[in-house]
Amino acid sequence: MAELTLVLGNKNYSSWSLRPWLLMRHLELELAERTLTLDSPEFAREVADCSPSGRVPVLHHGALTIWDSLAICEYACELTGRGLPTDATARAIARAVSAEMHAGFATLRERWPMNARAEKRRVPPTPSLTREIARIETIWADCRQRFGAGGPWLFGEYSMADAMYAPVVLRFRTYGEHFTPSTHSYMQTALADPHLTTWIAAARAEPWIIAAAELGTAQATLPG
Ligand SMILES: N[C@@H](CCC(=O)N[C@@H](CS)C(=O)NCC(=O)O)C(=O)O
């Protein structure tokens, strides 16, 4: 098989990069990594050379280029025959919740940006953010209850859906305060994932700071 190369943004801030990276680690795909520094003078030039959308993540596999996180996750599942539930109903719901994450939760993404190394930040949720958090808690509880009997993940075994929601787990850890017991339990599972731990350690080692994503400190807090 040709080498897989995943081009990523900074591990601390690039939530879209985390998703396929994490899934591919769980699927044990061998991967070369290249990091482009978001918000840097060279980013625009470097990304133009490797990603038709001008964004990361982007996967290169021989002559094939895939420039979107969800499409890369789907491709990783196709390559391995794993990463999605085998039952057709569960698989359809796994795809639906993954797509809902990919297309939605704009307030969460804007107001609680992923900041993998940050903890105990306080950015009070707006009504819109509170609604999005409640929807995510419902999704997680529903998946666990209907499909989670075979293991600790949303669909029992690890799936694309867990990878799609991993940055949400990190955001909840950074900014969140009150969660249902079911959410808390799922977050414990996700945060104990050794692959996610490896990502967070790499994020902590990065030198780059993007001020616009450093919210919840005394210096930078979004207006209510
Ligand atoms: N829909 C895309 C979104 C990718 C995206 O927005 N990536 C951000 C980094 S997390 C990016 O490349 N930002 C740089 C820019 O927009 O200039 C996906 O799912 O991969």
Side-chain angles (χ1 to χ4, degrees), residues 4-27 29 31-61 64-79 83-84 94-118 121 132 136 139 159-175 195-196 198-200 202-215 222:
L4 292 157
T5 303
L6 188 60
V7 184
L8 306 162
N10 313 17
K11 287 199 165 87
N12 193 54
Y13 301 111
S14 185
S15 60
W16 295 115
S17 300
L18 168 57
R19 295 172 168 108
W21 183 92
L22 198 53
L23 180 64
M24 291 169 98
R25 283 278 173 269
H26 274 271
L27 296 178
L29 282 165
L31 199 61
E33 282 179 43
R34 181 177 165 213
T35 300
L36 305 189
T37 312
L38 294 168
D39 207 32
S40 71
E42 60 277 8
F43 179 82
R45 177 177 38 84
E46 290 176 348
V47 82
D49 284 343
C50 66
S51 172
S53 66
R55 295 187 166 202
V56 288
V58 57
L59 180 73
H60 298 287
H61 190 202
L64 177 63
T65 297
I66 311 176
W67 60 88
D68 176 87
S69 60
L70 188 57
I72 298 168
C73 287
E74 286 279 2
Y75 185 66
C77 293
E78 282 195 27
L79 282 180
L84 280 166
R95 285 201 163 105
V97 300
S98 297
E100 187 171 345
M101 175 68 248
H102 190 248
F105 303 115
T107 308
L108 175 75
R109 290 198 267 115
E110 185 200 329
R111 297 195 70 94
W112 285 6
M114 191 178 94
N115 188 342
R117 59 190 166 220
R121 299 293 181 94
E132 290 187 0
I136 290 166
I139 290 172
S159 78
M160 182 168 89
D162 299 293
M164 289 305 290
Y165 282 92
V168 175
V169 170
L170 292 182
R171 288 168 155 115
F172 282 8
R173 182 182 77 129
T174 299
Y175 307 99
H195 298 301
L196 187 59
T198 298
W199 177 280
I200 294 169
R204 286 208 176 100
E206 287 177 347
W208 310 291
I209 307 264
I210 299 181
E214 291 294 334
L215 302 182
L222 274 177

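As the structure lists them, so they are numbered: ligands from 1, and atoms in each ligand from 1.
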> Which residue and non-hydrogen atom of the protein lie closest to atom 16 (O) of ligand 1, and at what distance in Å?
Replying inline: Arg55 NE, 3.4 Å

> With atoms numbered from 1 as shown, which atoms in ligand 1 lie under 4.0 angstrom from a non-hydrogen atom of Pro57?
Replying inline: 20 (O)

> Is the backbone of Ala118 close enough, under 3.5 Å, to the side chain of Thr174 for a donor and an acceptor to pair up by distance?
Replying inline: yes

> Considering only protein heavy atoms, which is closest to atom 18 (C) of ligand 1, and at what distance to one decimal place?
Replying inline: Asp68 OD1, 3.2 Å

> What's the shortest distance from atom 13 (N) of ligand 1 to any protein heavy atom, and which residue and atom give it?
Replying inline: Leu38 CD2, 4.0 Å

> Which residue and non-hydrogen atom of the protein lie closest to atom 12 (O) of ligand 1, and at what distance in Å?
Replying inline: Val56 N, 2.9 Å

> For ligand 1, is Gly9 a contact, meaning one of its heavy atoms is under 4.0 Å away?
Replying inline: no

>> Applying a heavy-atom cut-off of 4.0 Å, say which part of Tyr13 lies close to ligand 1: side chain, backbone, both or neither.
In response: neither

> What heavy-atom pair brings Ala213 and Tyr175 nearest, and what distance separates the two atoms?
Replying inline: O-OH, 4.1 Å

> Would you call Arg111 and Glu132 a salt bridge, taking side-chain N to carboxylate O under 4.0 Å as the test?
Replying inline: no

> Of all the non-hydrogen atoms in the protein, which one sits nearest to atom 19 (O) of ligand 1, and at what distance?
Replying inline: Ser69 OG, 2.6 Å

>> Quick one, Trp112 and Pro167 - any side-chain contact, counting heavy atoms below 4.5 Å?
In response: no

> How close does the nearest protein non-hydrogen atom get to atom 10 (S) of ligand 1, and which residue and atom is it?
Replying inline: Ser14 OG, 3.1 Å

> Which residue owns the protein heavy atom closest to atom 3 (C) of ligand 1, what's the atom, and how far is it?
Replying inline: Trp16 CD1, 3.7 Å

> If only atom types and distance count, is the side chain of Arg117 paired as donor or acceptor with the main-chain N or O of Ala203 below 3.5 Å?
Replying inline: yes

> Are the side chain of Trp199 and the backbone N or O of Lys11 linked by a donor-acceptor pair below 3.5 Å?
Replying inline: yes

> At their closest point, which heavy atom of Arg171 faces which heavy atom of Arg109, and how far apart are they?
Replying inline: NH2-CA, 3.6 Å

> When you measure from atom 17 (O) of ligand 1 to every protein heavy atom, which one gives the shortest distance, and what is it?
Replying inline: Phe43 CE2, 3.8 Å

>> On a heavy-atom basis, which atom in Ser17 and which in Gly9 lie closest, and how many Å separate them?
In response: OG-N, 3.0 Å

> Should His102 be counted as touching ligand 1, given the test is an N or O pair under 3.5 Å?
Replying inline: yes

